[in-house]
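The block underneath contains the structure these notes are about, expressed in structure tokens.
Quick note: numbers below take in every heavy atom, side chains included, and nothing from hydrogens, waters or symmetry partners. Proteins get letters first, then strands, A, B, ... in listed order; numbering begins at 1 in each.
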Number of protein chains: 2
Amino acid sequence: MANDDKRPLTLRDVSEASGVSEMTVSRVLRNRGDVSAATRERVLQAAKRLGYVPNKIAGALASSRVNLVAVIIPSLRNMVFPEVMSGISAVLEQTDLQPVVGVTDYLPDKEERVLYEMLSWRPSGVIIAGLEHSEASRAMLRAAGIPVVEIMDVDGTPVDAMVGVSHRRAGREMARAILKAGYRQIGFIGTKMPLDYRARKRFEGFTEALAKGGVEIVDQEFYSGGSALAKGRELTKVMLERHPELDFIYYSNDMIGAGGLLYLLDKGYDVPGQIGLAGFNGVELLDGLPRKLASMDACRVEIGETAARIIASRVAGDTEDVQNIVELTPTIAYGDTLKR
Amino acid sequence: MANDDKRPLTLRDVSEASGVSEMTVSRVLRNRGDVSAATRERVLQAAKRLGYVPNKIAGALASSRVNLVAVIIPSLRNMVFPEVMSGISAVLEQTDLQPVVGVTDYLPDKEERVLYEMLSWRPSGVIIAGLEHSEASRAMLRAAGIPVVEIMDVDGTPVDAMVGVSHRRAGREMARAILKAGYRQIGFIGTKMPLDYRARKRFEGFTEALAKGGVEIVDQEFYSGGSALAKGRELTKVMLERHPELDFIYYSNDMIGAGGLLYLLDKGYDVPGQIGLAGFNGVELLDGLPRKLASMDACRVEIGETAARIIASRVAGDTEDVQNIVELTPTIAYGDTLKR
DNA sequence: CTGAAAGCGCTAACAC
DNA sequence: GTGTTAGCGCTTTCAG
């Protein structure tokens, strides 16, 4: 820790302190090429003593190699994405790649800016949520010349690779399960997010399959902001006051669903006899509820893992045996709120 | 989109395409210095047409300026940190600084590696959770020569600046409120995380203040892994079977507390008459519960904002009017589970 | 096994 | 307003 002025240490400082050429110091610090154990030791000592931290900026410029993977997601507050992140991290940790997160807040404009910003650091790959992007964003992704994996959704055409579930199908399957269980007076409660394409696709698939069964949604309600749990309570109450005949409510995510469930249990409803419920995502949270909400696993961790694996293989040059389009299949968890 | 080979575009490409010198192109793209409207337009056109994305690596090396702020946190899955992140983002968005997140999983070793990795990109500042770091980490932070803000906690000595709450004090205050309400048979349920220093400090402050009131904890239980809500249920049950005389349970966080609350309500306990409960954090989730859990706000967003503001000011060179040690004061929310 | 030279793509600091 | 010249701190490449 002898560096008392503010100039950051350079390879040259280590070189001088150890009496070894910069080039050899560089080799030691990167574990590249053969270096005698003796010099290696001297270099390591010197580097440690000085507290040298390599400058990756210079390294990246010289080698045109950047071990960063840009991960672009809409939000960190929706539990879904941290879980995808853990899948990504878990896989990348076994390589020398590192995830770097950018958040778009579901805004296409911001997505464009964040993407631009990240690409300007020349990452080795991009993992980005969703298939809907501005034309400029798609152009950037194509032009970047690096592997790009679009995640979460497979209902659309990717720029390069994609890993996810079909939300349209998820909506359809839930609708079928609900009809099969005999429910007919069905309501829907979701987030008011015109830009949450995946929620929208679920909704579309849902109504489509209901229609095929000759059933139409009785009522629907969209909310924005606030605690999802509280909103679930509130909107469930409102909707049931308006339509006491409802015998099922489908929620666009588990948190509002859980709110609805708590409300109904409070009020002494017979769930799932009198009224059935289902959400989407299969969040861990549900395990602690008095009754387990029916849901559908969105394969979050697996999506992250698969996407990371695709990036890692492509960066490593494995061009074969890399599946570029991976559709994962969510399964219905009936829980205790949906009759079989 | 004329770049069909894989070589990324450079300033030179834009320069040639527009017939303007590289230097002037650079000036236009950075909005620096005076450039005539005409050339500016030509450059912008060319850049856009080619789909040029600047290379920040080269830019950073040449200017030795990196607009990145390293944010190092233990986890993204604990709601607390995404909230701190939004505080940070909200403030940094008004500057040209950008947060970059690194996750340590509460492991000092990993913290060290992540820190090293991030510092090697020469960020303009560091925001790091906690005051406890390996000696090597502290040395790196000191040697980096950039503003460093340690967040969440103020019970200790920072390397540079710190923003947070006193967890020891938080624990003490909760203990006092509990005693004042007349509870005497008190249990504690927390996470089994030897490395969660803040939870430990709360626990220490808690037992200390109880002791001062002549009360000792009747029972305690630590868990790890699994759904916090489910664990809260389970451990509450276990503890009450062992000690039916308990009249209060203090939980190390709101999620397990919520699990306990749901369990007790299920079983028909009179909360807070027969038994009182409190958690920590004041998470939004609580708003949707049948009864509002007593808690203590950890000032998460505000911590993020303040830390970001400190970094931003220091980077901008405002050396004055920057408070380097900021203690925020959490307040008790009595909710419906703690008698006054 | 080690070193010297030549850039990587950009910007600071000067010219003009 | 615009261009020129040197690097930034590393790694690549090629000699020894």
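At a threshold of 4.0 Å, the pair A:Asp153-A:Arg198 does not count as salt-bridged, since none of the basic side-chain nitrogens sits closer than that to a carboxylate oxygen. A salt bridge links B:Arg12 with B:Glu16: at least one charged nitrogen is closer than 4.0 Å to a carboxylate oxygen. The pair B:Glu93-A:Lys110 meets the salt-bridge criterion, with a side-chain N (NZ, NE, NH1 or NH2) lying under 4.0 Å from an Asp/Glu carboxylate O. Between A:Arg7 and A:Asp13 a salt bridge is recorded (basic side-chain N to carboxylate O distance below 4.0 Å).
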Subject >> Reading 5' to 3' through nucleotides 7-16 of chain D, protein heavy-atom contacts under 4.0 Å coded B for base, S for sugar-phosphate only, - for none >> reply: BBBBSB----

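For B:Thr24, no side-chain nitrogen or oxygen approaches OP1 or OP2 of D:dT2 to under 4.0 Å. For B:Thr39 and D:dG1, the shortest distance from a side-chain N or O to OP1 or OP2 is not below 4.0 Å.
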Taking distance alone, no hydrogens or angles, what donor-acceptor pairs closer than 3.5 Å link side-chain atoms of residues 65-75 of chain A to residues at least two apart or in another chain?
unit_1: A:Asn67; atom_1: ND2; unit_2: A:Asp96; atom_2: O; d: 2.8
unit_1: A:Ser75; atom_1: OG; unit_2: A:Arg77; atom_2: N; d: 2.9
unit_1: A:Ser75; atom_1: OG; unit_2: A:Asn78; atom_2: N; d: 3.4

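Protein atom CZ of A:Arg40 is 13 Å distant from nucleotide atom C1' of C:dC1, rounded to whole Å.
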